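Reading through the structure tokens given below for one structure.
This one's a predicted model, so the numbers in the text were calculated from it and none came from an experiment.
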Amino acid sequence: MFGRVKAAVAAGDTQAISLACELIERDPMLPLGKLIKSNLARALKKQLASITASERGQVLCATAKLLNQEYAPRELEDYSKLIRKFPRAEVALALAGVTPKNAKSVQLLDYLHDNA
């Protein structure tokens, strides 16, 4: 099922893009979830023009939440690469209160601030 969602996102399907952003925001505990969410983030990166401001907000919120955790999950790298393509002001605002608690999150936050 998630393979079809990824393919639909890659094709620019707005409903699939919305579903992908919602899955990223809700961060469900799925079997192979980190791979699924990473793949969705990579597909979204190719459809930036189709992602609405609200959907960008969902991804930004999820990314900020993960940057604040004690550990950095694998999908955080792909989320960071995606949001680095978002408007700078949105990224800066969403990450303003982030206090990373691990070396990988510090590195990714620096990567994002270089662009913001």
Counting C-beta onward and ignoring hydrogens, is there a side-chain heavy-atom pair between Leu44 and Ile24 closer than 4.5 Å? yes
Check whether Ser18 reaches the backbone of Thr14 with its side chain - one donor and one acceptor, N or O, closer than 3.5 Å. no
Testing the basics here: between Gln58 and Cys21, what is the closest heavy-atom pair and its distance to 0.1 Å? OE1-CB, 3.4 Å
Tell me, do Tyr71 and Lys104 make a side-chain contact under 4.5 Å, heavy atoms counted? no
Counting distance only, does the side-chain N/O of Glu90 pair as donor-acceptor with the main-chain N or O of Pro87 below 3.5 Å? no
Side chain to side chain, Phe86 and Leu48, heavy atoms closer than 4.5 Å: yes
Identify the heavy atoms of Ala62 and Glu25 that sit nearest to each other, and give their distance. CB-CA, 3.9 Å
When you measure from the side chain of Ser38 to the backbone of Lys34, do you find a donor-acceptor pair of N or O atoms at a distance under 3.5 Å? yes
Within 6.0 Å of NZ in Lys65, more than 12 heavy atoms from elsewhere: no
Using the side chain to side chain contact (heavy atoms under 4.5 Å, CB included) definition, which of the options Leu108, Asn102, Leu109 pairs with Ser105? Asn102
Between Asp78 (side chain) and Asn39 (backbone), is there a donor-acceptor pair under 3.5 Å? no
Taking the side chain from Arg56 and the backbone from Ile51, do they hold a donor-acceptor pair closer than 3.5 Å? yes
Side-chain heavy atoms nearer than 4.5 Å, only ILVMFWY residues, links allowed to pass through others: does that put Tyr79 and Tyr111 together? yes
Write down the atom of Val9, the atom of Ala20, and the distance for their closest heavy-atom approach. CG2-CB, 3.9 Å
In short, Arg42 meets Arg74 closest at the heavy-atom pair NH1-NH2, 4.1 Å
Looking only at non-hydrogen atoms, find the nearest pair between Ala94 and Ala64 and report the distance. O-CB, 3.8 Å
Quick one: does Leu67's side chain get under 4.5 Å of Leu112's, heavy atoms only? yes
Give a yes or no on whether the backbone of Thr99 and the side-chain of Asn68 come within a donor-acceptor separation of less than 3.5 Å. yes
